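Notes follow the structure.
Residue numbering restarts at 1 for every chain, and letters A, B, ... go by the order of the sequence lines. All figures in this text were calculated on a predicted structure; none of them were measured in a lab.
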Amino acid sequence: MAVKGMIVINEELCKGCGRCIPGCIKNLIILGRHINSHGHHPAVFYDFENNCSGCFTCATNCPDIAIEVFKDDGKEEE
Amino acid sequence: MKKVFSRPKSLTKIPFHYCAGCDHPIAHRLIAEIIDELEIRERLIAVWPIGCSVMGDKYFDLDSILASHGKAPAVATGVALGRLTNPDVLIFTYQGDGDMVSIGLGEIIHAANRGELFTAFFINNAIYAMTSGQMAPTTVVGQKTKTCPLGRDPKVHGYPIRMCELLQTLLTPAYIARVALFDAKHINKAKKAIRKAFQFQMDGKGFSFVEIISACPTNWKAKYPECREFIKEKMLPVFPLKEFKTFQIDNEGEKNV
Amino acid sequence: MKKPVFMKGNEAVIEGAIAAGCKAVLGYPITPSTEGLEYAVKRMRQIGGIAKQMESEAAVSHALYGAGAVGIRAMTITSGPGFNWMHDAVDYMATSEVPTNIIDIMRGGPALGNIAPSQSDVRSAKGGANGDYRTIILAPSSVQNLADFTFLAFELADKWRNPVFVLGDGMLGQMKETLILPEPITELPEKPWRLSGAKNRPPNKFIPFDLNPAGLEAINKKLDRKYNQIKETEIRYEAINIKKPDILVVAFGLVARIIKSVIKEAEKENLSIGLIRPITLWPFPDEVINQAAERTNKILVVEMNMGQIVDDVRLAVNGKTPVKFYGRAGGLITTTEEITEKIKEVLNIVKGEVQR
């Protein structure tokens, strides 16, 4: 069974620098067209096909620690 | 679902003031992750510079002191005297290229040469960022800045100064490494070097130094992907990434990367 | 009664520091103070302290900032041209309230000058750097004073969390005299504000910086309140014959000592000379000078410089009495003969009669 993962992007911390985007080999992140309260276009995570593996390359590249990463460890979601 | 990546505990919750795409907060985060992993937060004293990271102290839950421009290694030398009453103390300094390589060049060389027991972090983005974009001693040939608008010309400005190579000529320093942060692979390598540098201090082996090649999107006037290319094409040939041979490492027969 | 010892002024400074619990002497060789650093190298090894020669006075002073912040009693001994480099660090220490002790064995200036004694670093000591900060300044007149005032400097620095300077001069630093060493302290004050690693407490920070102007003004006002308290409680001076002298002399350090000889000699000629010797140059004893000014017709300030504390005297006197100045510079020492002659000139003494 493929490992499931997901990320949560804090839109207010995100400055729209885009460094997370090339790091994601599954191409699951784009810059949004909306802006946050600071005027930045925050990154947005789209994973309709459940491709995220929780590798946290995106979060590693994020200067603002705007991304939290979760991985399925087989336990029930709270 | 298990959380596999989150903010290190040694960082406060204050959002970073740094520009979009800046490498300072990545360096801060890696240092904080190592502090968490080595469980040394309560032993550490941080010495901050004048530069964009002048407010670095507010992001860390650490005893901190702000040094005058370039003087962090001298302040750290004084802080190290605290071991007379607190032998457990650990110290790191954090400086940019103007702070360390220009006004503070004397202090870093002498502190390194005396073998002062602290870890020095050097954020090298080849420009004076806080004062909005003047030439740094590490600005590369041809790079345009506000005080060399036609590009750095060796005939007028000389060549960029390479700190790791300079410190390597001293016999005393124990660990010298140059790393970069432009992708996850290099970030992970940088983290290893930071850990190694702290370990050298904790083992009492001597002065440790990590130069971190960084981007400054605002003053390089480029979005991050362009900055990454500038680092790879223009900076790395001048500032190669590696662990430098030091006298101690050679003596103990340890392998160099 | 402790056994007296016979030593050089520069060495007495170190002994005073050791008695005060000083565990670190940082320094850079500079005439006429270098023996202090050399003596410290020997003595610190004996007491398990650290004596460190660093690469410059700038580095020394910034290391003192770090040492003070971690709660170590540390000091340096230097001279004018070296002292120049320290003002930036002193500024940081004053603003972030870090104690430190700098002993300046003054020499002829300005600039490289020469290595003979002078008193020309007073203005420098008062504040050679930016911003409204104050430093406590003590002025010794003897080798005994050098030991005692260095000891006192450590106490005052910790009490007020402020830089404290001792302004000696090349004569006092180099000469040997008999002295009784201060009694060593048995207990150092607690310093919960020091940097030691944030264990079981919130982090301590020394950050003399606030981008918010209101915040920075608040820091300035807090320091100002402290300085007012220091002015109220730490003024020290010596006063001789100030009830109704023919002339009041104000002098400090070595010159005050010379004036005492002048006073003795002048008694033979029925000349009544008073002396106020400031021991603290900041806070300056303006009150006593202001009061004494009312009881004399002339004031003469004598210094080994071109006129530095004369400004403080004029402010203190506030126009009540004429203030004259006599000084020698470049490393020359004011002799008893010259001073006596000047006093007679100021008093318009003709045919041995004071013109009152």
Looking only at A:Lys71, A:Arg19, A:Glu68, A:Met6, most heavy-atom pairs under 4.5 Å shared with chain B are made by A:Arg19

Under 4.5 Å to a heavy atom of chain A? For B:Asn188 that would be side chain

Scanning both residues in full, the closest heavy-atom pair of A:Cys17 with B:Gly21 reads CB-N, 3.3 Å

inquiry  = So for atom NZ, which belongs to A:Lys26, do other residues, nucleotides or ligands contribute more than 12 heavy atoms lying within a distance under 6.0 Å?
reply    = yes

**Within-4.5 Å side-chain heavy-atom neighbours: B:Arg29 and A:Pro63** = no

Bottom line for A:Cys58: the part with an atom under 4.5 Å from chain B's heavy atoms is neither

SG (B:Cys22) and NZ (A:Lys15) are apart, to the nearest 0.5 Å, by 8.0 Å

dist A:Cys62:SG -> B:Phe5:CZ (nearest 0.5 Å) comes out at 7.5 Å

Turns out that what part of A:Ile7 lies under 4.5 Å from chain B's heavy atoms comes down to neither

If one checks every heavy atom of B:His186 against chain A at 4.5 Å, the contacting part turns out to be neither

Turns out that what part of B:Leu30 lies under 4.5 Å from chain A's heavy atoms comes down to neither

So CG of A:Asn61 and CD1 of B:Ile187: to nearest 0.5 Å the spacing works out to 4.5 Å

Min side-chain heavy-atom separation A:Leu13-B:Arg7 under 4.5 Å: yes

Next on the checklist: Is any side-chain heavy atom of B:Pro15 closer than 4.5 Å to one of A:Ile65?
Outcome noted: no

Applying a strict 4.5 Å limit to non-hydrogen atoms, the region of B:Lys223 in contact with chain A is neither

Interface check, chain B: of A:Thr60, A:Val8, A:Ile21, A:Asn10, most non-hydrogen pairs under 4.5 Å belong to A:Thr60

Check: Does atom CD1 of B:Ile14 have more than 12 heavy-atom neighbours from other groups under 6.0 Å away?
Finding: yes

Among B:Ala27, B:Pro8, B:Pro225, B:Ala184, the residue with the most heavy-atom pairs under 4.5 Å to chain A is B:Ala184

